[in-house]
Structure formats: structure tokens, C-alpha cells
Amino acid sequence: MKTSTQFLTLLSITACVAPMQSLSAKTKPQRPNILYIMSDDHAYQAVSAYGDRLAAFAPTPNIDRIAQNGMIFNRCLVTNSICGPSRATILTGKYSHMNGFIQNDNTRFDGGQQTFPKLLQQAGYNTAIIGKWHLNSNPTGFDHWEILPGQGVYYNPDFINTQGKHQEKGYVTDIITDKSIAWLKQAAMGGKPFLLMMHHKAPHREWNPAPKYLERFKGVQFPLPETLFDDYAGRGTAEHEQDMTIDKTMTIDTDLKIWRDTTSAKYKSYNGRMDAAQTKAWKAFYDPIREEYLKTDLKGKDLVIWKYQRYMNDYLACIQSVDESVGRVLDYLKESGLDKNTIVVYASDQGFYLGEHGWFDKRWMFEQSYRTPLLIMWPGVIKPGSVNKDMVSNLDFAETFLDAAGIQIPKDMQGESMMPILKGKTPGNWRKEHYYEYFEYPGPHSVKRHYGMSTERYKLIHYYYNIDEWEMFDRVADPNEMKNVYDDPKYKTIREDLKKKLVELETRFQDSEAMRKSFLPEQKARAKN
Ligand code: SGN
Ligand code: CA
């Protein structure tokens with residue numbers, strides 16, 4: 001199914017569509033620029049173009065412009081719902097067990113391996129990455145890189161480039177945008193097509209909004225998710241033993257900025273990065289909330305709802321800066337005329353829970369973290385206002401960009417080019433099943449290791465470490481994924497079929513029980529000795 005479209009073939013097709021018509025037969029057609037914008041932990045529920053429950057309350061008009069001018073993907077899935085692994089998959093077009101970056105903790109991306117930016121660079125693209133990287137080794141395959149160390153911070157952040165580390169003044173989302181636009185300006189003069197990966201830190205925990213957006217949602221009561229008070233009845237040990245609830249895990253102090261002890265070292269170091277004006281804006285906003293909180297002495301469900309509202313205020317306010325950033329770069333592309341030949345992609349590294357199942361964070365194969373927002377515009381190729389429902393994946397991004405640039409897709413990449421989909425024609429043999437894996441246990445939020453597969457309707461999940469439990473969900477009968485039907489006799493035939501398909505997927509992607517075992521902490525400890 002791999003459509004390794006040759007450059008000329010691609011052009012003969014795209015030339016039929018509007019803006020390309022300006023090219024005379026003799027002009028050497030240009031390869032498209034690629035602007036890949038990725039945020040960190042941006043839930044599809046918080047992109048208003050998806051029309052989810054928050055859409056009317058916290059619109060993202062600039063991100064939505066990409067959908068209006070291009071295509072929105074309703075089911076873009078990730079291979080491993082966590083930061084570094086998603087990024088490594090995007091770069092390599094390979095599952096974590098193949099590219100080696102299986103989890104955030106104690107893992108270093110092997111920058112010597114094949115990545116799509118390297119292949120674009122070798123084919124004459126000018127390549128850059130600006131913003132969050134989080135792969136523990138320095139970027140390779142980029143003509144220019146300027147990244148945040150690790151997770152990075154929101155206020156007056158440090159950046160690393162080939163010269164070392166330095167601090168910048170301001171708010172991280174704005175700085176990444178300024179740097180990106182500055183790079184675009186000079187890249188446009190070089191005469192080469194470009195790839196820019198603009199990677200935001202926002203809206204990652206602890207959701208620190210910019211001073212100008214602190215009050216953006218003042219007084220707004222956000223609608224609650226139906227499953228905020230999920231008790232995990234009927235589901236397994238993994239759901240019962242996780243550590244990611246708004247109720248128990250989310251902290252009043254760092255997460256919600258309601259510091260009860262402002263003399264604590266933690267408080268001081270937390271706010272230590274802010275300058276006087278930033279601190280003043282924060283105090284003006286959070287101090288009255290703190291006083292109110294201390295007075296009211298909320299408990300139980302009332303406290304969970306209050307925390308959820310505070311969480312949404314800050315999370316969505318961070319996204320306002322991201323949306324503004326997208327607006328600024330789209331405006332710049334238009335002003336400069338670059339928009340005509342630039343593919344603009346907006347995605348997140350994974351999805352996120354905004355109170356669904358009582359959670360924040362990600363990691364699971366349930367929809368909110370398994371799905372990631374994806375919006376792409378490409379004038380003359382993608383029909384404006386297109387909606388796609390196919391199961392696409394972050395595994396496909398590398399292949400798609402290479403294909404769009406007319407570069408042969410290496411055989412060892414494991415995804416598929418989405419080029420036919422972008423042109424509005426999903427191939428008949430497009431994937432009907434998607435394979436998933438998650439490794440970071442023990443680790444933050446205690447989500448047990450699992451792997452599994454999904455079809456459009458069903459999901460099959462195997463938790464294999466410390467426990468040996470299976471789950472199966474029917475998203476049509478149970479869209480909120482609250483009922484494990486694995487042992488329900490009514491589903492026996494479907495279950496057996498899914499299990500067979502799961503084995504086929506493992507084989508196809510060169511995964512196995514032995515492979516999973518090789519990544520267990522016990523194995524790693526043994527390997528070190
Ligand atoms: C930090 C966060 C976690 C989060 C991981 C991974 N804790 O450890 O909540 O799951 O990052 O996030 S925090 O208190 O430091 O914010 S990821 O996006 O990098 O995968
Ligand atoms: Ca992330």
C-alpha cells in the first residue's frame with residue numbers, strides 16, 4: 001500500500017489544482033515547504049474545530065483556520081501516548097520498540113538512526129527544529145536547532161543550541177513563535193524548500209498561562225465531562241491502581257497555583273523564574289482565588305469540581321497563547337506569500353484527559369489520550385473544509401512528508417503515506433486496525449504497561465506486567481469506554497477475531513512477547529550488570 005509517489009507523478013496530479021496552475025510548463029516546480037506545528041498534551045477536546053464540549057467556551061479560531069482551509073482528522077491515533085516516544089515515532093516512522101525510545105525516563109534517542117528530517121535535509125531541504133524536543137540527545141538532521149532543555153519552563157526559559165545554553169526573557173510560547181518566524185524569514189531567502197518543526201511546550205503540566213491570558217476565562221464555568229466521577233467499576237487492576245486523578249493526584253499548590261505556604265522553598269523556586277511584572281500579574285490573579293479557597297473549605301465532589309474548573313482555566317489559557325502563535329505564523333506565511341506552497345500541520349504529541357474518567361495526563365489506550373488532534377492545510381492539494389475519519393497515526397507523518405517532497409519512502413518505515421488521503425481518496429486497503437504499545441511502568445502516574453489494537457469500533461488491551469489482564473471495549477455500545485466486555489459471552493466471536501488480528505499486527509510490526517520482555521526493568525538491570 002506504500003505509495004512512494006515520485007516527485008513528477010505528484011506534480012502532474014497537483015498541477016491540475018488551482019494555485020499550481022500559475023506554474024508555466026517550463027518553470028521548475030517547487031517542492032512544498034513543511035511547517036509542522038506541534039504542541040505538548042493538547043487534547044482534541046480543546047481544539048474548537050472538533051466541536052467537543054469545550055468548543056464554545058474556549059475557541060481556538062486560529063488552529064481552526066487550518067481545518068477551514070484544509071483537512072481535519074477525526075481519528076489520528078498515536079502509537080505510544082507519551083511525549084518522547086511520540087516524538088521518536090514521528091521522526092522515524094517506526095514504533096517505539098523499533099526506534100528504541102520506549103519511554104521518557106532513562107531513555108536517549110539514538111540520533112544516528114534514520115529520520116525524516118535527515119532524509120529531507122539530504123534531498124536539499126533546509127531543516128529546523130525550534131522548541132520542545134525531550135529526546136535527551138541533541139537533534140540530528142537539522143540545519144538549525146534551538147530547543148528547550150528537557151520539559152522546559154514557561155517563564156523566562158532556557159534554550160539550548162549548538163553554542164550551549166542561554167536564558168531568554170518572556171513567555172515560552174511567544175518566544176518559540178518569535179524564533180520560528182525569524183527563522184522562516186531567513187529560510188525563505190535561501191532558495192531551498194524548508195522543513196520547520198515548531199514545537200510548543202504548552203499546554204503541558206503545570207499549565208502556566210501567560211500574564212495576558214490569566215483572566216481570559218475568569219468567571220467561566222466549564223461543562224463537566226460525563227465521566228468525571230468514574231469509579232472504574234467493571235474494569236481491571238490498572239484503572240484502579242493508576243495515579244492520575246484530579247481528586248488525588250492533582251496538587252492544589254503547584255498544579256493549581258494556590259500556595260498554602262508561600263515561605264516554602266518549593267514556592268520560591270517555582271516562582272523564581274518570574275520577573276517582578278510577571279509575579280505581580282500572577283499574584284493579582286491567584287491571590288484572591290487562594291483566599292476564596294482557604295475560606296470555603298471544599299470537600300469531596302465539590303472539591304473535585306472546583307479543581308477541575310481551576311485546571312480548565314489554566315490549561316485552556318495556555319492554549320490561548322498556542323492559538324495566538326498559530327495565528328501569527330499563518331499570517332506571516334500569507335504576508336510573505338509562502339502560504340501558497342507550504343504544508344501546514346497542527347498536531348499534539350498525544351491527547352490528554354480533561355477530567356474524563358476523573359483524570360488528567362495521558363498514557364492509556366482510551367480515546368482521549370490515544371487520539372491526538374491533527375489538522376493539515378496544503379493549498380491546491382487539500383480541499384478546504386475536508387473532514388477525514390480514517391484511522392491515521394503519528395506513525396504515518398514521516399512517510400507523508402517524504403512522499404509530499406517526492407522522496408522515496410524507506411522500506412523499513414512502518415507507517416503509510418497519507419498523500420492519497422490528503423488528496424481526498426482513501427485507498428481501499430487503508431488500515432482497519434491500529435497497533436498500540438505503552439511501557440513507562442513503574443513511572444509517573446502508575447499506568448501499567450500494555451499493548452493492544454483498535455478497530456474503528458472495538459479495542460483490545462493486554463496489561464502484561466505485574467498483572468495479566470485483558471480488556472475489550474465496544475465504542476459504539478459504550479462510547480465512554482466504561483464497560484470491559486472481554487469476558488462477555490456475547491462478544492466471544494469478535495474477541496477471538498480481534499485477538500487473531502492482534503497477533504497479525506505484532507508480526508507485521510516485528511513486535512513480540514520476547515521483545516516486550518527485553519524492555520522490562522528487570523532485563524535492563526541485568527543488561528547493565
Ligand atoms: C512530568 C509531569 C507528568 C507527566 C510527565 C510526562 N509531572 O513528569 O505529569 O506525565 O512529565 O509528560 S510534572 O509535575 O513535572 O508536571 S510528557 O508530556 O513529557 O510525556
Ligand atoms: Ca506530551
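Indexing begins at 1, ligand by ligand and atom by atom, following the structure's order.
- In the displayed structure, Q151 atom CD is contacted under 6.0 Å by more than 12 heavy atoms of other residues, nucleotides or ligands.
- A cation-pi arrangement is present between R371 and Y44 under the rule of less than 6.0 angstrom and at most 45 degrees off the ring axis.
- For atom 15 (O) of ligand 1, the nearest non-hydrogen atom from the set E206, Q151, E440 comes from E206.
- The protein heavy-atom contact nearest to atom 3 (C) of ligand 1 is H445 NE2, 3.4 Å.
- Under a 4.0 Å criterion applied to the non-hydrogen atoms of H134, ligand 1 contributes the atoms 19 (O).
- Note that atom 8 (O) of ligand 1 has no protein non-hydrogen atoms nearby, at separations under 4.0 angstrom.
- Taken to the nearest 0.5 Å, the OG atom of S325 stands 8.0 Å off from the CG atom of D174.
- Aromatic ring centres of W378 and F401: separated by at least 6.0 Å.
- In the model, T227 has no side-chain atom that pairs as donor or acceptor with a side-chain atom of N480 under 3.5 Å.
- Protein heavy atom nearest atom 6 (C) of ligand 1, with residue, atom name and distance: N104 ND2, 3.5 Å.
- Across R205, M244, H204, heavy-atom proximity to atom 13 (S) of ligand 1 is greatest for R205.
- The distance between the ring centers of Y346 and H42 falls below 6.0 angstrom.
- For ligand 1, the atoms sitting less than 4.0 Å from at least one non-hydrogen atom of I82 are 20 (O), numbered in the order shown with element in parentheses.
- Annotation: atom 4 (C) of ligand 1 to nearest protein heavy atom, D361 OD1, 3.4 Å.
- Considering backbone and side-chain N/O atoms, C83 comes within less than 3.5 Å of an N/O atom of ligand 1.
- The N, O or S atom of D41 with the smallest distance to the Ca ion (ligand 2) is OD1.
- Given atom 18 (O) of ligand 1, the protein heavy atom at minimum distance is K362 NZ, 2.9 Å.
- Here the heavy atom of the protein found nearest to atom 5 (C) of ligand 1 is R363 NH2, 3.7 Å.
- When heavy-atom distances to ligand 1 are checked against a 4.0 Å cut-off, D41 comes that close only through its side chain, counted from C-beta outward.
- With the Ca ion (ligand 2) as the vertex, atom OD2 of D349 and atom OE1 of Q350 span an angle of 90° (nearest 10 degrees).
- At distances below 3.5 Å, not a single donor-acceptor pair connects side-chain atoms of S393 with backbone N or O atoms of D396.
- Within the cation-pi definition used here (under 6.0 Å to the ring centroid, within 45° of the axis), K179 qualifies as a partner of F159.
- Using cut-offs of 30° and 60° for the angle between ring planes, the Y463 and H450 rings count as tilted.
- Of the heavy atoms in T254, none comes closer than 4.0 Å to ligand 1.
- Salt bridge absent: K362 and D40 never bring a charged side-chain N and a carboxylate O closer than 4.0 Å.
- Between the Ca ion (ligand 2) and the N, O or S atoms of D40, the shortest distance is to OD1.
- Residues Y311 and W207 bring their aromatic ring centres within 6.0 Å.
- Residue K132 places a heavy atom less than 4.0 Å from ligand 1.
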